[in-house]
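All of these numbers come straight from a predicted model, not from anything done at the bench. Every chain is numbered from 1 and lettered A, B, ... according to where its sequence line falls, protein lines coming before strand lines.
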2 protein chains.
Amino acid sequence: MLNIYDVSKQAGVSIATVSRVLNNSPHVSAKTKKLVMDVIAASGYVPNAFARGLGLRTMKTIGLLCPDASDPYLSSALSALEKAFRDNLYDCLLVCTGRQPSERDAGILSLSAHHVDGMVLMGSSFVSDVAVENAMILETADIPMAILNASLQAEHIYSARCDDFGATRDALLSLTQKGYSRPLYLYHALNYSGQQKFQGFHEGCHIAGIPESHVTTLLIPRENMTVAEVQRRVFALWQEGKRFDCVVTSDDILAVGALKTAGSMHLKVPGDLAIIGYNNSSICQCTSPELSSVDNRLEMLCQQIVNTMIGILQGQEMPREVVYSGKVIERGSSIAK
Amino acid sequence: MLNIYDVSKQAGVSIATVSRVLNNSPHVSAKTKKLVMDVIAASGYVPNAFARGLGLRTMKTIGLLCPDASDPYLSSALSALEKAFRDNLYDCLLVCTGRQPSERDAGILSLSAHHVDGMVLMGSSFVSDVAVENAMILETADIPMAILNASLQAEHIYSARCDDFGATRDALLSLTQKGYSRPLYLYHALNYSGQQKFQGFHEGCHIAGIPESHVTTLLIPRENMTVAEVQRRVFALWQEGKRFDCVVTSDDILAVGALKTAGSMHLKVPGDLAIIGYNNSSICQCTSPELSSVDNRLEMLCQQIVNTMIGILQGQEMPREVVYSGKVIERGSSIAK
DNA sequence: GGAGAAAATGTAAGCGGTTACAAATCCATT
DNA sequence: AATGGATTTGTAACCGCTTACATTTTCTCC
C-alpha cells in the first residue's frame, strides 16, 4: 500500500505539501496542487484513515444506536439518518442494541471505544421513566448525543421528537368528532413517548367529555406485539364484556391486530368500529380497509437530528430540544360512522 | 483524555507492559496484569482506537453496503448481520447506497477509505446481469467481500444465497398440485436472484405441463412496487382479458397487491385465486387471509455470511459460495381450491 | 551460590498522517 | 539591486499505540 512518502517522492515535494493538498489547505500554489493531485490520481493512493484519525482526532464517524434495526419504523429512521449524515460527509457506525439498559450501555461503550464524533440514540426505548438513572450513564460519555423521539435534560444531550401527546389526543378527537364514543386504547410500552401518547389519549377523552366507564385501555407488551397475539388479547377483552366502538393505538401493529379481530367480534370496520394506528408505516396500505394512522414526521425528525448534530460538531449553539407536530392520516379504517 | 503513558506512569510500568495487558499478551505476570487492569479501571482510561488501528492496521470494522435500509427484508438482514458481527467483536459501518451501480461504487469507495476489514454487499441488486463489468469494480478493492443472495465469480468475493430458482419452482408446483392451473407471475427485477426466480417459475410451469398460453407474467419495476400501483396494474391485466387462478411473486408486496385486487376481480382468495409471496416478511400476517410466502432463510444466510467473513479474516480457507434451500410457508392465501 | 534457560519487562522504532514553526522563494517598491 | 512582506515549501515534532529486540528478573537444577 502506498503512503504519503511515496506520493511526495513521486511528485518531488515534501509530505507536508502532499498533506496540504489532501486537506486542500489554501497555502499551496495552484501549480503544485495540480502536480500532486495528478500523481495521486495516477498512483491510486488512498490516505490511511487511521493515521488521519490519529492526527485529526476524528474519523468523521457518527454512532447510530438502534434498539432494533428490523423494526420497520426504526429502519426507516436508520435509512434517513444514514443518508443525511453521509450528505454531510460523516460515516455511520451501526450498533443494534436491543432495549435493555445494559445493552444500551454496552453499545454506548462500544461506540466510545471506536471514538465516534457523536451518537444518535434512536427511539425512546432508551429513555425509560427512570430518567435520572439513565441520564447519568449517558452523561459519562463526553460526546454529543442526540435522541430521536425522547427528551432528556443533560448538558450535551439534544433531542428531536414528535408531539406524541398532542398527536394521540388529536387522533382520539378525530374519532369522537365522527360520533364514535367508546374508545379502546392499545399500547405497548410506557417509555418516554409511550407516556406522552398515553396521557394524550386520556386528555382527548377528557376534552371529548367521555365518561371514565366508557374508556378501556389495554397494555400489550412489546415482546407480545404480534398480530396474532394482539388479536387474541383484544378478543379476550371483548369476551369479558368490554365494549368499544373505536380504537386508538401506540403502534400500527396493534391496529392491524384490532382490525383483524373485528370479524370475530362481528363488527364492521369502519362503522361499528373505527381504528387509528401510529407511525403511518407501510403496512397501513396492506390491510382492507386501509389503516388510518398518525404520521409522526419521522423524516423531519431525522433531518433535524442530523442538522443539530452537525451544528454541534461545528461548534455552533443548537437548541436542546425540537418538537414537531404529528398528523392524523385518514384512511378507510376511520371514516364516519 | 488519558493515554497509555498516563496509565503506565500511574502503574509504575512501561507502556509496552500496558499495551501487553490491553492485548492480553501471555508475556505478562499475573501480578502485573492485575495491577495494570486496576489502574485502567480506576482511571477510566480508554485506548485510542485510531492509534490502535494505525499500529494493528485494523479497527475490526466491517462495512455493510445496503441498497435500502428501509426495506423490511434488508433491514432484517441488517439486524442479523450486525448482531452476528458484533458477537465476533467487529463493528459495522453502514452505507445505504441505493441501487445504482454508481452509488454502489461510491459506497465501496467510501468504505475502502475507512479501511474496513471486509465488506458485505446486501442483496443481489448489486449484481446485475452485466456480471463482468460489475466484477471488475468490486475486484479493485482488495478487501474480502461477501454478497448476500447473489453469486459472482472473483478472487476475493464470497457469497451465501438461497436457491431462489428451486424455491420459486416449488412455490408454483405447490399451487398446481392443489389444482390451480393458470399461473400469473409478478416480478419486480431481473437482477441475480430475480433471474433465478423467473427461471424457477418457468421451470415449474414446464414440469407441471402448463401450456404457454395459460402462463402470464408481469413485470412491475421496483420503483413502482407499491400496493396501490400493483393493484392498478394487476387489475388492468385482468381487464385486458388475461385470466389466471393463482399468483406467484418475487416479493411479498406484489402478493399483497394481488390479494387486494381479488375483490375488484370478483375472485375469492383462496379458491378462485391462490397467492404465494416471497420473503415471508411480517406483512404476511397483516392480511386476510394471511399470505403464503417463500421463506428464503435470511437468518441462516446472514449467519453464513458472517461465518465466512470471519473465517476469511482469520486466514482460513472458506467456500466461495454457499446455497440454502428455500421453503414454501403455507398460509390462508394458498390452500386448496 | 551460581550457571543457564525461561519469563517478564523495558527501550525505541515504527505505523502514516497533521501542523507549528522555520526556511526559502516570490514579487512589488524604492 | 536591495528591502521587506507575502506566499509557498520544508523540517521535524507529535498523535497514541504495537512490537521487535534488548535487557533484566526469576526460576531451576546442580
Side-chain angles (χ1 to χ4, degrees), chain A residues 1-40 43-61 89 91 112-117 142-143 313, chain B residues 1-40 43-61 89 91 112-117 142-143 313:
Chain A
M1 250 282 129
L2 295 173
N3 63 24
I4 200 170
Y5 283 93
D6 302 324
V7 174
S8 76
K9 219 164 293 169
Q10 254 184 69
V13 299
S14 74
I15 58 165
T17 300
V18 177
S19 176
R20 290 196 185 96
V21 171
L22 248 31
N23 298 284
N24 56 83
S25 142
H27 305 297
V28 190
S29 71
K31 197 187 335 173
T32 310
K33 184 168 181 175
K34 184 175 176 342
L35 168 66
V36 172
M37 297 224 294
D38 287 350
V39 171
I40 288 177
S43 66
Y45 161 72
V46 177
N48 181 300
F50 304 144
R52 212 147 198 243
L54 226 203
L56 296 173
R57 348 190 67 58
T58 165
M59 261 174 86
K60 303 219 12 154
T61 307
L89 302 177
D91 286 334
S112 308
H114 208 292
H115 277 230
V116 296
D117 297 295
D142 60 346
I143 290 179
L313 292 176
Chain B
M1 244 297 113
L2 295 173
N3 63 25
I4 200 170
Y5 284 94
D6 302 323
V7 174
S8 75
K9 219 165 293 167
Q10 256 185 67
V13 299
S14 75
I15 58 166
T17 300
V18 177
S19 176
R20 291 198 184 94
V21 171
L22 248 30
N23 297 286
N24 55 82
S25 141
H27 305 297
V28 190
S29 71
K31 196 186 335 171
T32 309
K33 184 167 181 175
K34 183 175 176 341
L35 167 66
V36 172
M37 298 225 292
D38 286 351
V39 171
I40 289 177
S43 66
Y45 162 74
V46 178
N48 182 299
F50 304 143
R52 208 145 202 248
L54 226 204
L56 295 172
R57 348 190 69 59
T58 166
M59 262 174 84
K60 300 211 36 149
T61 307
L89 302 177
D91 287 333
S112 308
H114 207 294
H115 276 230
V116 294
D117 298 296
D142 59 347
I143 289 179
L313 292 175

Problem - Protein-nucleotide distance (Phe50(B), atom CZ; dT18(C), atom P), rounded to Å - result: 13 Å
Completion exercise
To the nearest angstrom, the CG-P distance between Leu54(A) and dC15(D) comes to 10 Å
Practice task
Could you tell me the separation between the CG atom of Leu22(B) and the C1' atom of dT19(D), rounded to a whole number of Å?
Solution key: 14 Å
Problem - Residue whose nearest DNA chain C nucleotide is more 5′ - Ala16(A) or Ala16(B) - result: Ala16(B)
Handout entry: N or O in side chain of Asn48(B) less than 4.0 angstrom from dC15(D) OP1/OP2
Key = no
Practice task
Return the value, rounded to whole Å, for the distance between atom CG of Asn23(B) and atom P of dT19(D).
Solution key: 6 Å
Completion exercise
Out of dA12(C), dT18(C), dT8(D), minimum distance to the side chain of His27(A) belongs to dT8(D)
Handout entry: Euclidean distance, atom CE of residue Met59(A) to atom C1' of dC15(D) [Å, nearest integer]
Key = 15 Å
Exercise for the section: Send over the distance from Lys33(B) NZ to dA8(C) P, rounded to a whole Å. Expected result: 11 Å
Handout entry: Nucleotide of dC17(D), dT9(C), dT18(C) approaching Leu56(A) most closely (side-chain heavy atoms)
Key = dT18(C)
Practice task
Whole angstrom is fine here: how far is it from CD1 in Ile15(A) over to C1' in dT11(D)?
Solution key: 9 Å
Exercise for the section: Considering just the side-chain nitrogens and oxygens of Arg52(B), establish if one lies under 4.0 Å of OP1 or OP2 belonging to dT18(D). Expected result: yes
Exercise for the section: Select base, sugar-phosphate, or nothing to describe what Val13(B) touches, counting heavy atoms under 4.0 Å on all strands. Expected result: sugar-phosphate
Exercise for the section: Mind checking Arg57(B) for me? I need base, sugar-phosphate or nothing, with any heavy atom below 4.0 Å counting as a touch. Expected result: sugar-phosphate
Handout entry: Distance test, side-chain N/O of Asn3(B) to OP1/OP2 of dG16(D), below 4.0 Å
Key = yes
Problem - Sugar-phosphate only, base, or nothing, as touched by Val28(A) at under 4.0 Å among non-hydrogen atoms - result: sugar-phosphate
Exercise for the section: For residues Met59(B) and Asp91(B), determine if any side-chain heavy atom of one lies less than 4.5 Å from a side-chain heavy atom of the other. Expected result: no
Exercise for the section: Please tell me which of the listed nucleotides, dG10(D), dT9(C), dA12(C), lies nearest to the side chain of Ser29(B)? Expected result: dT9(C)
Practice task
Pick out which of Leu35(A), Val7(A), Val46(A) makes a side-chain contact (heavy atoms from CB on, under 4.5 Å) with Ile40(A).
Solution key: Val7(A)
Exercise for the section: Kindly say if Thr32(B) contacts the phosphate of dT9(C), meaning a side-chain N or O under 4.0 Å from OP1 or OP2. Expected result: yes
Problem - Tyr5(B) or Thr17(A), whichever maps to the more 5' nucleotide of DNA chain D - result: Thr17(A)
Handout entry: Heavy-atom donor-acceptor pair, Asp6(B) side chain to Lys9(B) backbone, under 3.5 Å
Key = no
Practice task
Give a yes or no on whether the backbone of Ser25(B) and the side-chain of Asn23(B) come within a donor-acceptor separation of less than 3.5 Å.
Solution key: no
Practice task
Pick base, sugar-phosphate or nothing for Ser19(A), based on heavy-atom distances below 4.0 Å to the nucleic acid.
Solution key: base
Fill in the blank from the handout: Between CD1 of Ile4(A) and P of dA12(D) the distance, given in whole Å, is 17 Å
Problem - Nearest non-hydrogen partners of Val36(A) and Ala11(A), listed with the distance - result: CG2-CB, 4.3 Å
Exercise for the section: Output the single nucleotide from dT8(D), dG10(C), dC17(D) whose closest atom is nearest the side chain of Pro47(B). Expected result: dC17(D)
Exercise for the section: Please report the shortest heavy-atom distance between His115(B) and Pro47(A), naming the atom on each side. Expected result: NE2-O, 4.0 Å
Exercise for the section: For Ser25(B), report the nucleic acid contact type (base, sugar-phosphate, nothing); a contact means any heavy atom under 4.0 Å. Expected result: nothing
